[in-house]
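To start, the structure itself, in structure tokens.
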Amino acid sequence: AFEAVDVDALPTLNAPAAWGRVPWPTLGAAAHKYDRGHVVVLSGPMSATGAARLAATASLRAGAGLATVASAPDALLVNAAHLTTVMLQRIGGPEEFAALLSDRRHNGGVLGPGLPVCAETAEMARVALASGAHVVLDAGAIRALFRDSAAAPEALRAAHQPVLTPHSGEMRDILAALGIAPSADKLAQAKDVAERLGAVLVHKGADTVIAGRAQAAVNANAPPWLATAGTG
């Protein structure tokens, strides 16, 4: 099992002291929505669509100029009934998803919440990683991709600054695919995996470790009521 990080011994906490001096991008008077990015979130099937809508709405609140839910045909009406500022696009499979992401204005992608662990999800993840967009993989996309332990690391290393957001169960799947034994040192393990995959790793939990190729930080202020489905 993964043990809690000793936050008192950490060099970096995820707090303003660590990133407060980094200049936040500002928009000029002539800026338009595409200057702020267009995030595409892949929806789950008809019975599991809510997480994708939450992620798309969150991307707008975080500053994206546009957000689109890419939906399987059977889930279109469910998503359409709930969406307003978030747009909706029918996606019938990996080829149509690749065509959507070939438009370089679609420069952000989120895959995983509500997605089944299956071969099509793994192919969708590979399509996104190969598109050149900034991609966040979570939940079902992580587990589906790492079922193919040989291809997953290569696809991630070839991608453009991908982000993985596993909880401890999904982290064990990643470690198994990489042939790494789980360690009680959550911080060191996250840094090791991030380095091997060329990715940013967000190992979620009460002490969330955010690790990149050269540095790591810990978010240690999460309240316990975030232990609710959907908050990830």
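Note that the numbering runs from 1 along the sequence shown for the chain.
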**Study point:** Single-linkage hydrophobic cluster, 4.5 Å side-chain cutoff, Ile142 and Leu175 together
**Key:** yes
Exercise for review: Measure across Gly198 and Pro162 and return the closest heavy-atom pair with its distance rounded to 0.1 Å.
Suggested key: O-CD, 3.8 Å
**Study point:** Thr57 versus Arg61, side-chain donor and acceptor atoms under 3.5 Å
**Key:** no
Check your understanding: Going hydrophobic residue to hydrophobic residue with side-chain gaps under 4.5 angstrom, can you get from Val209 over to Val202?
Key -> no
Revision key, fill the gap. Which of Val41, Leu76, Val78 passes side chain to side chain contact (heavy atoms under 4.5 Å, CB included) with Ser71? It is Leu76
Check your understanding: Where do Ala56 and Ala67 come nearest, in terms of heavy atoms and distance?
Key -> O-CB, 3.7 Å
**Study point:** Heavy-atom pair with the smallest gap, counting every atom of Ala222 and Ala206
**Key:** CB-O, 4.2 Å
Point to revise | Approximate separation, where rounding is to 0.5 Å, of Asp192 CG and Ile180 CD1 | key: 4.5 Å
Practice item. Given side chain to side chain contact (heavy atoms under 4.5 Å, CB included), test His38 with Met87 step by step and report yes or no. Key: CA-CA 10 Å; His38 189 160; Met87 295 179 289; 3.7 Å; yes
Practice item. To the nearest 0.5 angstrom, please state how far the CG atom of Asn107 sits from the OG atom of Ser131. Key: 9.5 Å
Exercise for review: Run through Leu60, Leu66, Val39, Asn79 and flag the one making a side chain to side chain contact (heavy atoms under 4.5 Å, CB included) with Val86.
Suggested key: Leu60
Practice item. Indicate yes or no: at least one non-hydrogen side-chain atom of Thr165 is less than 4.5 angstrom from one of Lys204. Key: yes
Check your understanding: Mind checking what makes ring pair (Phe, Tyr, Trp, His ring centres under 6.0 Å) contact with His82, not counting sequence neighbours?
Key -> none
Practice item. State, to 0.1 Å, how close Ala31 and Asp35 come at their nearest heavy-atom pair, and which atoms those are. Key: CA-OD2, 3.2 Å
Check your understanding: At their closest point, which heavy atom of Ala133 faces which heavy atom of Gly108, and how far apart are they?
Key -> CB-N, 4.0 Å
**Study point:** Plane angle bin for His32 and Tyr34 - parallel if under 30°, tilted between 30 and 60°, otherwise perpendicular
**Key:** perpendicular
Review point. Does Arg196 reach the main-chain N or O of Pro153 with its side chain, forming a donor-acceptor pair under 3.5 Å?
Key: no
**Study point:** Val127 with Phe146, same ILVMFWY side-chain cluster at under 4.5 Å
**Key:** yes
Point to revise | Exam field: side chain Glu170 to backbone Gly140, donor-acceptor pair closer than 3.5 Å | key: no
Practice item. Could you grab the distance from atom CG of Asp74 to atom OG1 of Thr49, nearest 0.5 Å is fine? Key: 10.0 Å
**Study point:** Derivation of the side chain to side chain contact (heavy atoms under 4.5 Å, CB included) call for Leu197 and Ile174
**Key:** CA-CA 10 Å; Leu197 297 178; Ile174 294 172; 4.3 Å; yes
Check your understanding: About how many Å separate CG of Asn14 and CG of Asn219, when rounded to the nearest 0.5 Å?
Key -> 4.5 Å
Practice item. Taking the side chain as every heavy atom from C-beta outward, state whether Met171 and Leu201 have any pair of such atoms under 4.5 Å apart. Key: yes
Exercise for review: Please work out which of the three classes, parallel, tilted or perpendicular, describes the rings of His134 and His160, given edges at 30° and 60°.
Suggested key: tilted
Check your understanding: Tell me the side chain to side chain donor-acceptor pair (under 3.5 Å) pairs involving residues 111-120, sequence neighbours left out?
Key -> none
Point to revise | Flag side-chain contact, heavy atom, 4.5 Å: Val110 against Asp138 | key: no
Review point. With the threshold set at 4.0 Å, does a side-chain nitrogen-carboxylate oxygen contact exist between Glu154 and Arg157?
Key: no
Practice item. Answer yes or no: is there a side-chain heavy-atom contact under 4.5 Å between Glu123 and Arg126? Key: yes
Check your understanding: Is a side-chain donor or acceptor of Arg90 paired with a backbone partner of Pro73 at a separation under 3.5 angstrom?
Key -> no
Point to revise | Heavy-atom closest pair, residues Gly44 and Ala75 | key: O-CB, 3.9 Å
Check your understanding: When hydrophobic residues are tied together by side-chain contacts of less than 4.5 Å, even through go-betweens, does Leu164 share a cluster with Leu178?
Key -> yes
Check your understanding: Heavy-atom distance under 4.5 Å between the side chains of Met124 and Ile91, does that happen here?
Key -> yes
Check your understanding: Partners of Leu115 by side-chain contact (heavy atoms from CB on, under 4.5 Å), sequence neighbours excluded?
Key -> Leu42, Leu111, Thr121
Review point. So if you build clusters from Ile, Leu, Val, Met, Phe, Trp, Tyr with side-chain heavy-atom gaps below 4.5 Å, do Leu101 and Val135 land together?
Key: yes
Point to revise | Validation row: Leu129, Leu156 side chains within 4.5 angstrom (heavy atoms) | key: yes
Exercise for review: Take Gln89 and Val40 through the test side chain to side chain contact (heavy atoms under 4.5 Å, CB included) and record every step on the way to the result.
Suggested key: CA-CA 9 Å; Gln89 176 71 44; Val40 176; over 6 Å; no
